[in-house]
Amino acid sequence: MTIVINMRDRVDERGIKIAARLILEGKLVAFPTETVYGLGADALNARAVRRIFKAKGRPADNPLIIHIADFSDLSRVARDIPKEARLLAERFWPGPLTMVLPRKEDVPDVTTGGLDTVAVRMPAHPIALALIRASTPVAAPSANISGKPSPTLAEHVIDDFYGRIECIIDGGETNIGVESTVIDLSSERPTLLRPGGLPLEEIEKVIGGVEIHPAVRGKLVDVARSPGMKYKHYSPNAQVIVVEGKRENVRRKIEELVDGYRKEGLRVGVMATEQYDADEFFHLGTSEEEVARNLFKALRWLDKRGVDIIIAEGIGERGLGFAVMNRLRKAAGYRVVQA
Ligand code: TXA
Ligand code: MG
(Lines give C-alpha, C1' and ligand atoms only; values in the text may rest on other atoms or scores of the structure.)
(Ligands and ions follow the chains in the order given, each with its own letter.)
Protein backbone atom coordinates (compact mmCIF):
# COMPACT_ATOMS: atom_id res chain seq x y z
CA MET A 1 0.00 0.00 0.00
CA THR A 2 3.07 2.27 0.05
CA ILE A 3 4.44 3.28 -3.34
CA VAL A 4 8.11 4.23 -3.40
CA ILE A 5 9.00 6.60 -6.23
CA ASN A 6 12.67 6.76 -7.15
CA MET A 7 13.85 10.27 -7.95
CA ARG A 8 17.46 9.88 -6.86
CA ASP A 9 18.80 11.01 -10.23
CA ARG A 10 16.24 13.58 -11.29
CA VAL A 11 12.86 15.12 -10.53
CA ASP A 12 10.38 12.96 -12.39
CA GLU A 13 7.32 14.99 -13.43
CA ARG A 14 5.06 11.94 -13.66
CA GLY A 15 6.04 10.89 -10.16
CA ILE A 16 5.41 14.40 -8.88
CA LYS A 17 1.93 14.33 -10.43
CA ILE A 18 1.09 11.05 -8.71
CA ALA A 19 2.38 12.28 -5.35
CA ALA A 20 0.64 15.67 -5.69
CA ARG A 21 -2.67 13.98 -6.43
CA LEU A 22 -2.28 11.83 -3.31
CA ILE A 23 -1.67 14.97 -1.22
CA LEU A 24 -4.78 16.62 -2.70
CA GLU A 25 -6.78 13.45 -1.86
CA GLY A 26 -5.80 13.79 1.80
CA LYS A 27 -3.13 11.07 1.73
CA LEU A 28 0.37 11.03 3.28
CA VAL A 29 3.49 11.46 1.15
CA ALA A 30 7.04 11.41 2.54
CA PHE A 31 9.46 13.55 0.53
CA PRO A 32 13.03 14.81 0.76
CA THR A 33 13.96 18.37 1.72
CA GLU A 34 17.45 19.83 2.04
CA THR A 35 17.33 19.25 5.83
CA VAL A 36 15.63 15.91 6.50
CA TYR A 37 12.73 13.95 4.98
CA GLY A 38 9.25 15.28 5.74
CA LEU A 39 5.97 13.41 6.19
CA GLY A 40 3.59 15.57 4.20
CA ALA A 41 -0.15 16.18 4.00
CA ASP A 42 -2.40 19.00 2.76
CA ALA A 43 -1.84 21.65 5.46
CA LEU A 44 -5.38 23.03 5.11
CA ASN A 45 -7.11 19.63 5.31
CA ALA A 46 -7.67 18.89 9.02
CA ARG A 47 -8.47 15.24 8.44
CA ALA A 48 -5.30 14.67 6.42
CA VAL A 49 -3.17 16.45 9.02
CA ARG A 50 -4.71 14.35 11.78
CA ARG A 51 -3.37 11.27 9.98
CA ILE A 52 0.20 12.63 10.27
CA PHE A 53 -0.13 12.78 14.06
CA LYS A 54 -1.55 9.27 14.13
CA ALA A 55 1.13 7.77 11.87
CA LYS A 56 3.97 9.35 13.86
CA GLY A 57 2.44 8.83 17.28
CA ARG A 58 2.95 12.56 17.77
CA PRO A 59 1.33 14.40 20.68
CA ALA A 60 -1.52 16.60 19.38
CA ASP A 61 -0.15 19.78 21.00
CA ASN A 62 3.12 19.68 19.01
CA PRO A 63 2.42 21.84 15.93
CA LEU A 64 3.61 21.24 12.35
CA ILE A 65 5.55 23.37 9.89
CA ILE A 66 3.70 24.45 6.73
CA HIS A 67 5.89 24.20 3.62
CA ILE A 68 5.30 26.67 0.79
CA ALA A 69 6.95 27.06 -2.62
CA ASP A 70 6.28 30.73 -3.37
CA PHE A 71 6.50 33.78 -1.15
CA SER A 72 2.98 34.81 -2.14
CA ASP A 73 1.66 31.69 -0.38
CA LEU A 74 2.88 33.04 2.96
CA SER A 75 -0.13 35.33 3.26
CA ARG A 76 -2.47 32.36 2.75
CA VAL A 77 -1.44 30.97 6.13
CA ALA A 78 0.10 33.86 8.11
CA ARG A 79 -0.88 37.50 8.83
CA ASP A 80 0.76 40.65 10.28
CA ILE A 81 4.04 39.68 8.65
CA PRO A 82 6.76 41.84 10.24
CA LYS A 83 9.64 43.50 8.43
CA GLU A 84 12.13 40.99 9.88
CA ALA A 85 10.23 38.12 8.27
CA ARG A 86 10.40 39.78 4.87
CA LEU A 87 14.11 40.43 5.22
CA LEU A 88 14.85 36.88 6.32
CA ALA A 89 12.69 35.34 3.60
CA GLU A 90 14.38 37.46 0.96
CA ARG A 91 17.81 36.40 2.14
CA PHE A 92 17.28 32.75 3.16
CA TRP A 93 14.24 31.29 1.36
CA PRO A 94 14.18 28.77 -0.09
CA GLY A 95 16.30 27.37 2.73
CA PRO A 96 16.52 25.78 6.18
CA LEU A 97 14.69 28.54 8.05
CA THR A 98 11.25 28.25 9.66
CA MET A 99 9.47 31.38 10.87
CA VAL A 100 6.69 31.41 13.46
CA LEU A 101 4.09 34.09 12.66
CA PRO A 102 0.50 34.95 13.63
CA ARG A 103 -1.78 32.51 11.83
CA LYS A 104 -4.61 32.99 9.36
CA GLU A 105 -7.94 31.55 10.39
CA ASP A 106 -8.20 29.03 7.52
CA VAL A 107 -5.29 27.09 8.97
CA PRO A 108 -6.88 24.20 10.87
CA ASP A 109 -6.26 23.93 14.62
CA VAL A 110 -4.72 20.47 14.24
CA THR A 111 -1.93 21.91 12.08
CA THR A 112 -0.94 24.54 14.67
CA GLY A 113 -1.62 22.42 17.73
CA GLY A 114 -4.28 24.95 18.69
CA LEU A 115 -1.78 27.86 18.87
CA ASP A 116 -2.59 31.30 17.42
CA THR A 117 0.67 31.16 15.47
CA VAL A 118 1.85 29.13 12.50
CA ALA A 119 5.32 27.90 11.52
CA VAL A 120 6.20 28.33 7.82
CA ARG A 121 9.18 27.49 5.64
CA MET A 122 10.15 27.28 1.98
CA PRO A 123 12.44 24.26 1.51
CA ALA A 124 15.41 24.44 -0.87
CA HIS A 125 14.91 21.10 -2.60
CA PRO A 126 13.69 20.65 -6.18
CA ILE A 127 11.49 17.65 -5.31
CA ALA A 128 9.85 19.38 -2.34
CA LEU A 129 9.24 22.57 -4.34
CA ALA A 130 7.80 20.66 -7.32
CA LEU A 131 5.50 18.65 -5.06
CA ILE A 132 4.16 21.76 -3.27
CA ARG A 133 3.70 23.67 -6.56
CA ALA A 134 1.76 20.76 -8.04
CA SER A 135 -0.48 20.48 -4.97
CA THR A 136 -0.94 22.93 -2.07
CA PRO A 137 0.90 24.16 1.05
CA VAL A 138 2.11 20.98 2.74
CA ALA A 139 2.27 20.39 6.49
CA ALA A 140 5.26 18.18 7.23
CA PRO A 141 7.05 17.15 10.37
CA SER A 142 10.23 15.12 10.05
CA ALA A 143 9.30 11.68 8.68
CA ASN A 144 10.25 9.62 11.72
CA ILE A 145 8.21 7.86 14.41
CA SER A 146 7.87 10.41 17.20
CA GLY A 147 10.94 10.41 19.45
CA LYS A 148 13.25 8.66 16.95
CA PRO A 149 16.15 10.26 15.05
CA SER A 150 15.05 12.23 11.99
CA PRO A 151 15.39 10.57 8.56
CA THR A 152 18.10 11.64 6.12
CA LEU A 153 17.65 8.70 3.71
CA ALA A 154 14.51 7.20 2.14
CA GLU A 155 15.60 3.92 3.78
CA HIS A 156 15.04 5.55 7.21
CA VAL A 157 11.49 6.53 6.18
CA ILE A 158 10.88 3.01 4.85
CA ASP A 159 12.05 1.58 8.20
CA ASP A 160 9.55 3.73 10.10
CA PHE A 161 6.54 3.98 7.76
CA TYR A 162 6.52 1.34 5.01
CA GLY A 163 2.96 -0.01 4.75
CA ARG A 164 1.56 2.81 6.87
CA ILE A 165 1.58 5.77 4.43
CA GLU A 166 0.63 6.02 0.77
CA CYS A 167 3.86 7.22 -0.82
CA ILE A 168 7.57 7.75 -0.23
CA ILE A 169 9.64 9.77 -2.70
CA ASP A 170 13.26 8.62 -2.62
CA GLY A 171 15.46 11.61 -3.41
CA GLY A 172 18.67 10.15 -2.01
CA GLU A 173 20.50 11.50 1.00
CA THR A 174 19.51 14.92 2.34
CA ASN A 175 22.21 17.54 2.18
CA ILE A 176 22.13 19.39 5.51
CA GLY A 177 21.07 16.53 7.77
CA VAL A 178 19.61 18.51 10.69
CA GLU A 179 16.18 20.18 10.67
CA SER A 180 15.51 23.83 9.92
CA THR A 181 16.25 26.64 12.35
CA VAL A 182 12.99 27.81 13.98
CA ILE A 183 12.64 31.47 14.89
CA ASP A 184 9.61 33.08 16.51
CA LEU A 185 8.74 36.45 14.98
CA SER A 186 5.22 36.62 16.42
CA SER A 187 6.14 38.51 19.58
CA GLU A 188 8.18 41.69 20.24
CA ARG A 189 11.65 40.14 20.22
CA PRO A 190 12.81 37.61 17.63
CA THR A 191 13.43 34.39 19.58
CA LEU A 192 15.28 31.26 18.54
CA LEU A 193 13.12 28.22 19.31
CA ARG A 194 15.32 25.57 17.66
CA PRO A 195 18.87 25.85 16.30
CA GLY A 196 19.06 24.15 12.92
CA GLY A 197 20.35 24.09 9.38
CA LEU A 198 20.71 27.87 9.13
CA PRO A 199 23.35 29.08 11.62
CA LEU A 200 22.10 31.68 14.12
CA GLU A 201 25.10 33.87 13.20
CA GLU A 202 23.68 34.20 9.66
CA ILE A 203 20.28 35.30 10.93
CA GLU A 204 21.80 37.87 13.28
CA LYS A 205 23.72 39.42 10.38
CA VAL A 206 20.35 40.30 8.83
CA ILE A 207 18.10 41.24 11.78
CA GLY A 208 20.54 41.80 14.66
CA GLY A 209 20.42 40.14 18.10
CA VAL A 210 18.09 37.19 18.58
CA GLU A 211 16.99 35.91 21.98
CA ILE A 212 17.55 32.24 22.68
CA HIS A 213 14.61 30.47 24.25
CA PRO A 214 15.84 28.83 27.51
CA ALA A 215 14.43 25.46 26.43
CA VAL A 216 17.00 25.40 23.60
CA ARG A 217 19.62 24.85 26.32
CA GLY A 218 17.53 22.16 27.90
CA LYS A 219 15.85 24.25 30.57
CA LEU A 220 12.22 23.17 30.72
CA VAL A 221 10.52 26.49 31.42
CA ASP A 222 7.62 28.09 29.52
CA VAL A 223 7.31 25.33 26.96
CA ALA A 224 3.98 26.71 25.78
CA ARG A 225 5.63 28.70 23.00
CA SER A 226 7.09 25.69 21.25
CA PRO A 227 5.48 22.60 22.67
CA GLY A 228 7.84 20.35 20.72
CA MET A 229 10.58 21.25 23.15
CA LYS A 230 9.17 19.22 26.00
CA TYR A 231 9.07 15.85 24.30
CA LYS A 232 11.66 13.10 24.09
CA HIS A 233 13.65 13.48 20.90
CA TYR A 234 16.07 11.84 18.50
CA SER A 235 16.45 8.80 20.75
CA PRO A 236 17.74 5.53 19.39
CA ASN A 237 17.08 2.38 21.43
CA ALA A 238 20.62 2.44 22.81
CA GLN A 239 21.53 4.83 25.63
CA VAL A 240 23.49 7.78 24.25
CA ILE A 241 26.25 9.47 26.26
CA VAL A 242 27.83 12.70 25.03
CA VAL A 243 31.41 13.49 25.97
CA GLU A 244 32.35 17.18 25.89
CA GLY A 245 35.49 19.10 26.74
CA LYS A 246 39.05 19.69 25.52
CA ARG A 247 40.16 17.44 22.67
CA GLU A 248 42.88 15.48 24.52
CA ASN A 249 40.63 14.97 27.54
CA VAL A 250 37.74 13.86 25.37
CA ARG A 251 39.83 11.13 23.75
CA ARG A 252 40.97 9.78 27.11
CA LYS A 253 37.45 9.91 28.54
CA ILE A 254 35.87 8.13 25.56
CA GLU A 255 38.50 5.36 25.69
CA GLU A 256 37.93 4.96 29.41
CA LEU A 257 34.14 4.77 28.98
CA VAL A 258 34.43 2.23 26.13
CA ASP A 259 36.68 0.01 28.28
CA GLY A 260 34.45 0.32 31.32
CA TYR A 261 31.21 -0.57 29.55
CA ARG A 262 32.82 -3.43 27.60
CA LYS A 263 34.07 -4.93 30.86
CA GLU A 264 30.45 -4.92 32.01
CA GLY A 265 29.67 -7.06 28.94
CA LEU A 266 27.90 -4.30 27.00
CA ARG A 267 28.26 -3.69 23.26
CA VAL A 268 29.57 -0.17 22.77
CA GLY A 269 29.31 2.06 19.71
CA VAL A 270 31.25 5.27 19.20
CA MET A 271 30.45 8.15 16.83
CA ALA A 272 33.18 10.73 16.52
CA THR A 273 35.29 12.96 14.29
CA GLU A 274 38.42 10.87 15.00
CA GLN A 275 39.06 7.13 14.88
CA TYR A 276 38.24 5.00 17.99
CA ASP A 277 38.38 1.33 18.88
CA ALA A 278 34.94 0.04 19.91
CA ASP A 279 32.48 -2.75 19.03
CA GLU A 280 31.04 -0.46 16.37
CA PHE A 281 32.38 2.84 15.10
CA PHE A 282 30.87 5.56 12.89
CA HIS A 283 33.13 8.30 11.55
CA LEU A 284 31.17 11.58 11.51
CA GLY A 285 33.59 13.49 9.27
CA THR A 286 35.47 16.50 10.55
CA SER A 287 33.73 19.75 9.60
CA GLU A 288 30.53 20.89 11.32
CA GLU A 289 28.72 20.46 7.99
CA GLU A 290 29.82 16.83 7.67
CA VAL A 291 28.92 16.04 11.26
CA ALA A 292 25.46 17.57 10.77
CA ARG A 293 24.95 15.56 7.58
CA ASN A 294 25.95 12.29 9.28
CA LEU A 295 24.47 12.73 12.74
CA PHE A 296 21.07 11.03 12.44
CA LYS A 297 22.41 8.39 10.06
CA ALA A 298 25.04 7.48 12.66
CA LEU A 299 22.47 7.16 15.47
CA ARG A 300 20.21 4.97 13.33
CA TRP A 301 23.09 2.86 12.01
CA LEU A 302 24.58 2.18 15.44
CA ASP A 303 21.14 1.19 16.68
CA LYS A 304 20.77 -1.29 13.84
CA ARG A 305 24.13 -2.77 14.76
CA GLY A 306 22.56 -3.62 18.10
CA VAL A 307 24.83 -1.70 20.46
CA ASP A 308 23.71 -1.11 24.06
CA ILE A 309 25.52 2.20 24.51
CA ILE A 310 26.42 4.93 22.04
CA ILE A 311 29.23 7.26 23.05
CA ALA A 312 29.19 10.47 21.01
CA GLU A 313 32.01 12.96 20.81
CA GLY A 314 30.83 16.55 21.34
CA ILE A 315 31.86 19.31 18.90
CA GLY A 316 32.09 23.11 19.12
CA GLU A 317 28.88 25.12 18.98
CA ARG A 318 29.80 27.47 16.15
CA GLY A 319 27.73 27.42 12.94
CA LEU A 320 25.93 24.11 12.48
CA GLY A 321 27.65 22.89 15.69
CA PHE A 322 24.87 24.57 17.70
CA ALA A 323 22.20 22.41 16.04
CA VAL A 324 24.39 19.29 16.25
CA MET A 325 24.98 19.66 20.00
CA ASN A 326 21.32 20.49 20.64
CA ARG A 327 20.27 17.22 18.92
CA LEU A 328 23.00 15.14 20.55
CA ARG A 329 22.24 16.34 24.08
CA LYS A 330 18.56 15.62 23.54
CA ALA A 331 19.31 12.19 22.08
CA ALA A 332 21.29 11.53 25.25
CA GLY A 333 18.45 12.74 27.47
CA TYR A 334 21.07 15.28 28.69
CA ARG A 335 23.50 12.57 29.85
CA VAL A 336 26.59 14.65 29.19
CA VAL A 337 30.02 13.74 30.58
CA GLN A 338 32.47 16.65 30.94
CA ALA A 339 35.97 15.47 30.11
O1 TXA B 1 13.74 20.94 8.52
C2 TXA B 1 12.62 20.85 9.02
O3 TXA B 1 12.11 21.77 9.70
C4 TXA B 1 11.83 19.54 8.82
C5 TXA B 1 11.55 19.41 7.32
C6 TXA B 1 10.66 18.24 7.00
O7 TXA B 1 11.05 20.62 6.83
N8 TXA B 1 10.63 19.54 9.58
C9 TXA B 1 10.63 19.41 10.93
O10 TXA B 1 9.37 19.37 11.51
O11 TXA B 1 11.64 19.33 11.60
P12 TXA B 1 9.12 18.88 13.00
O13 TXA B 1 7.65 18.78 13.12
O14 TXA B 1 9.88 17.65 13.27
O15 TXA B 1 9.59 20.09 13.89
C16 TXA B 1 8.84 21.29 13.90
C17 TXA B 1 9.22 22.13 15.09
C18 TXA B 1 8.74 21.52 16.39
O19 TXA B 1 9.73 21.71 17.38
C20 TXA B 1 7.49 22.35 16.69
O21 TXA B 1 7.19 22.37 18.07
C22 TXA B 1 7.88 23.71 16.14
O23 TXA B 1 8.62 23.42 14.96
N24 TXA B 1 6.69 24.50 15.79
C25 TXA B 1 5.80 24.26 14.81
N26 TXA B 1 4.82 25.19 14.82
C27 TXA B 1 5.10 26.04 15.81
C28 TXA B 1 4.47 27.20 16.33
N29 TXA B 1 3.33 27.68 15.82
N30 TXA B 1 5.06 27.82 17.37
C31 TXA B 1 6.21 27.36 17.89
N32 TXA B 1 6.85 26.26 17.45
C33 TXA B 1 6.30 25.60 16.44
MG1 MG C 1 10.89 16.13 14.21
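When a ligand or atom number is given, it counts from 1 through the structure's own listing order.
Among the backbone and side-chain atoms of S150, no N/O/S atom is found under 2.8 Å from the Mg ion (ligand 2).
For ligand 1, the polar-atom distance check finds no N/O of E179 at less than 3.5 Å from any of the ligand's N/O atoms. Remark: ligand 1 and R121 share an N or O pair separated by less than 3.5 Å (distance only, no angle test). Residue R194 places at least one N or O, backbone or side chain, under 3.5 Å from an N or O of ligand 1.
Using a 4.0 angstrom heavy-atom cutoff, R58 counts as in contact with ligand 1. Using a 4.0 angstrom heavy-atom cutoff, L64 counts as in contact with ligand 1. Heavy atoms of A140 come nearer than 4.0 angstrom to ligand 1 in at least one pair.
Contact atoms of ligand 1 toward T117: 28 (C), 29 (N), 30 (N) (distance under 4.0 Å to a heavy atom of the residue). Taking a cut-off of under 4.0 Å to the non-hydrogen atoms of I65, the atoms of ligand 1 that pass are 3 (O), 8 (N), 9 (C), 10 (O), 16 (C). Residue contact check: G38 has heavy atoms under 4.0 Å from atoms 6 (C) of ligand 1. In summary, the atoms of ligand 1 found under 4.0 Å from a heavy atom of S142, numbered by their order in the structure, are 8 (N), 9 (C), 10 (O), 12 (P), 14 (O). Within ligand 1, counting atoms from 1 as listed, the ones closer than 4.0 Å to a heavy atom of N62 are 18 (C), 20 (C), 21 (O). Residue contact check: A119 has heavy atoms under 4.0 Å from atoms 25 (C), 26 (N), 27 (C), 29 (N) of ligand 1. Atoms of ligand 1 found under 4.0 Å from any heavy atom of H67 (numbered from 1 in listed order, with element): 5 (C), 6 (C), 7 (O). With ligand atoms numbered from 1 in the order given, ligand 1 contributes 28 (C), 29 (N), 30 (N) to contacts under 4.0 Å with heavy atoms of L115.
A salt bridge links R121 with E34; the closest basic N to acidic carboxylate O contact falls under 4.0 Å. Looking at R251 and E255, a side-chain N of the basic residue comes within less than 4.0 Å of a carboxylate O on the acidic one, giving a salt bridge. Under 4.0 Å is where a charged nitrogen must lie from a carboxylate oxygen, and between R267 and D308 no such pair does. Salt bridge E25/R47: absent, no basic N to carboxylate O contact under 4.0 Å.
Put simply, the side chain of V243 does not reach to within 4.5 Å of the side chain of E313, judged on heavy atoms. Side-chain contact between L200 and L192: present, with at least one pair of heavy atoms (C-beta onward) separated by less than 4.5 Å.
Taking CD of E166 as the reference point, atom CG of L28 lies at 5.5 Å (rounded to 0.5 Å).
No hydrogens or angles considered: a donor-acceptor pair under 3.5 Å links the side chains of R194 and S180. Of the N and O atoms on the side chains of N237 and K148, at least one donor lies less than 3.5 Å from an acceptor on the other residue.
Proximity of T112 to ligand 1, defined as any heavy-atom pair under 4.0 Å, is not found for any part of the residue.
Put simply, the residue from L115, V120, T112 that forms a side-chain contact (heavy atoms from CB on, under 4.5 Å) with V107 is T112.
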